[in-house]
2 protein chains.
Amino acid sequence: MNNYMQIHKYLKQFDIKPSVQRTAVMDYLMTHKTHPTIDEIYSTLSPFMPTLSKTTIYNTLNLFVEKGAVLHLSIDEKNARYDADISNHAHFMCKRCGKVYDLFDLKQELFNKPQLKNFDIHSVEISYSGFCGTCTGMN
Amino acid sequence: MNNYMQIHKYLKQFDIKPSVQRTAVMDYLMTHKTHPTIDEIYSTLSPFMPTLSKTTIYNTLNLFVEKGAVLHLSIDEKNARYDADISNHAHFMCKRCGKVYDLFDLKQELFNKPQLKNFDIHSVEISYSGFCGTCTGMN
DNA sequence: TTATAAAACTATAATGGTTACAAAGATAAA
DNA sequence: TTTATCTTTGTAACCATTATAGTTTTATAA
């Protein structure tokens with residue numbers, strides 16, 4: 001079974017009808033774990049899909065987020081970022097270079113939804129910011 | 001000592017030169033713990049300060065955040081939100097009514113900055129979202 | 001297969017939050 | 001008082017996102 005069919009199956013698990021465009025976007029997110037912006041996704045895919053519209057990227061990602069297949073990250077004030085890894089993990093954004101990194105090795109308790117009687121919590125986002133090792137020369 | 005002078009002293013602690021406008025904005029943030037948007041701050045202050053410009057609100061809040069006197073919240077994708085309470089606490093945003101609530105009663109460990117050799121972490125933002133009690137009728 | 005309806009995609013325009021810029025005003029120093 | 005610096009202001013520009021309407025594709029059913 002090829003990758004295209006695997007992604008089809010994966011999308012269907014989230015009640016998302018596969019299409020060429022949707023499959024390409026999910027494929028991009030799965031193979032580029034860089035928390036890309038809309039523009040990055042569009043710029044990369046566009047040469048291979050000449051009729052592709054940026055609106056479709058917007059529509060597709062809004063659908064993915066709505067269906068729970070993709071995380072919308074608000075860590076970057078300038079542009080929305082997207083992440084196909086929906087497992088519990090946090091993010092770090094370097095204030096100098098702007099890269100967004102995954103932080104997997106944190107205690108899982110961090111991601112527990114607090115049980116509060118006045119709030120029905122659906123999602124958690126844990127974001128750190130500062131300088132990355134590449135920018136400080138400390139790695 | 002009046003409130004105006006107290007706020008002057010407070011701003012100076014953050015190396016911020018007080019001015020009428022800056023004092024008014026900090027006063028607003030301290031007395032309105034609703035995590036207001038730029039527009040809300042401007043709309044409220046404007047009638048009392050007829051020459052006030054919205055650009056000044058932007059400039060002022062950018063300065064406050066830069067100096068560490070105010071937190072910029074990215075929990076609301078639509079508008080930046082600001083919080084004069086810089087102590088460790090998390091936020092909850094209701095996806096129906098849009099209100100942003102403070103969550104103070106969480107374990108302080110949540111706000112510990114993980115010691116990672118490749119990342120120099122300056123700040124932490126913990127955001128929850130879902131439905132609030134008012135919107136679900138459950139309180 | 002063909003006709004019809006629904007869904008998805010596309011291009012363009014509109015929206016709206018934020019920043020850039022330049023001029024005017026206020027403050028501080030000499 | 002003069003000069004320099006900082007702050008504020010209004011306008012214009014920018015740019016990410018959404019709205020809209022038309023086209024294309026896909027699904028349904030006769």
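Proteins come first, then strands; the chains are lettered A, B, ... in the order of their sequence lines, and each starts at number 1.
Here the side chain of R96(B) pairs no donor or acceptor atom with the backbone of F131(B) at under 3.5 angstrom. Using a distance-only test at 3.5 Å, with no hydrogens or angles considered, a donor-acceptor pair links the side chain of E125(B) to the main chain of S74(B). Here the side chain of K113(B) pairs a donor or acceptor atom with the backbone of H122(B) at under 3.5 angstrom. A donor-acceptor pair under 3.5 Å is formed between the side chain of T60(B) and the backbone N or O of T56(B).
Atoms CG (D76(A)) and C1' (dT18(C)) sit 14 Å apart, rounded to a whole Å. Atom-to-atom, CE of M49(A) to P of dT24(D) comes out at 17 Å; the value is rounded to the nearest Å. Taking atom CG of residue L11(B) and atom C1' of nucleotide dT27(C), one finds them 16 Å apart after rounding to whole Å. The separation between L52(A) atom CG and dT25(D) atom P is 14 Å, rounded to whole Å. Rounded to whole Å, atom P of dT18(C) lies 10 Å from atom CG of L61(B). The distance between atom CG of L63(B) and atom P of dC6(D), rounded to the nearest whole Å, is 13 Å. Distance I16(A) CD1 to dC9(C) P: 12 Å, rounded to the nearest Å. Taking atom CD1 on I57(A) and atom C1' on dC9(C), their separation rounds to 11 Å, with Å as the unit.
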Contacts under 3.5 angstrom, residues 99-107 of chain A side chains, donor-acceptor by atom type, not counting sequence neighbours:
| from | atom 1 | to | atom 2 | distance (Å) |
| --- | --- | --- | --- | --- |
| D102(A) | OD1 | H35(A) | NE2 | 2.8 |
| D102(A) | OD1 | H89(A) | NE2 | 2.9 |
| D102(A) | OD1 | H91(A) | NE2 | 3.2 |
| D102(A) | OD2 | H35(A) | NE2 | 3.4 |

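Both V20(A) and E77(A) lie close to DNA chain C; mapped to their nearest nucleotides by heavy-atom distance, the more 5′-ward contact belongs to V20(A).
Within the structure, every side-chain polar atom (N or O) of Q21(A) is placed at least 4.0 Å from both OP1 and OP2 of dT25(D).
Closest approach to the S19(A) side chain among dA8(C), dT10(C), dC6(D) is made by dA8(C) (side chain taken as heavy atoms from C-beta onward). Picking from dC6(D), dA20(C), dT8(D) the nucleotide with the shortest atom distance to the side chain of T55(B) gives dA20(C).
Using a 4.0 Å cut-off between a side-chain N of Lys or Arg and a carboxylate O of Asp or Glu, D39(B) and K54(B) qualify as a salt bridge.
Residue-level contact check: T56(A) touches the bases, meaning some heavy atom is under 4.0 Å from a base atom. Looking at heavy-atom distances under 4.0 Å, T37(A) makes no contact with the nucleic acid at all.
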Output a table of nitrogen or oxygen pairs between the protein and nucleotides 14-17 of chain D separated by less than 3.5 Å.
| from | atom 1 | to | atom 2 | distance (Å) |
| --- | --- | --- | --- | --- |
| dA16(D) | O5' | N79(A) | OD1 | 3.4 |
| dT17(D) | OP1 | A80(A) | N | 3.1 |
| dT17(D) | OP2 | Y58(A) | OH | 3.0 |

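Counting heavy-atom neighbours within 6.0 Å of Q115(A) CD, excluding the residue itself, gives a total of 12 or less.
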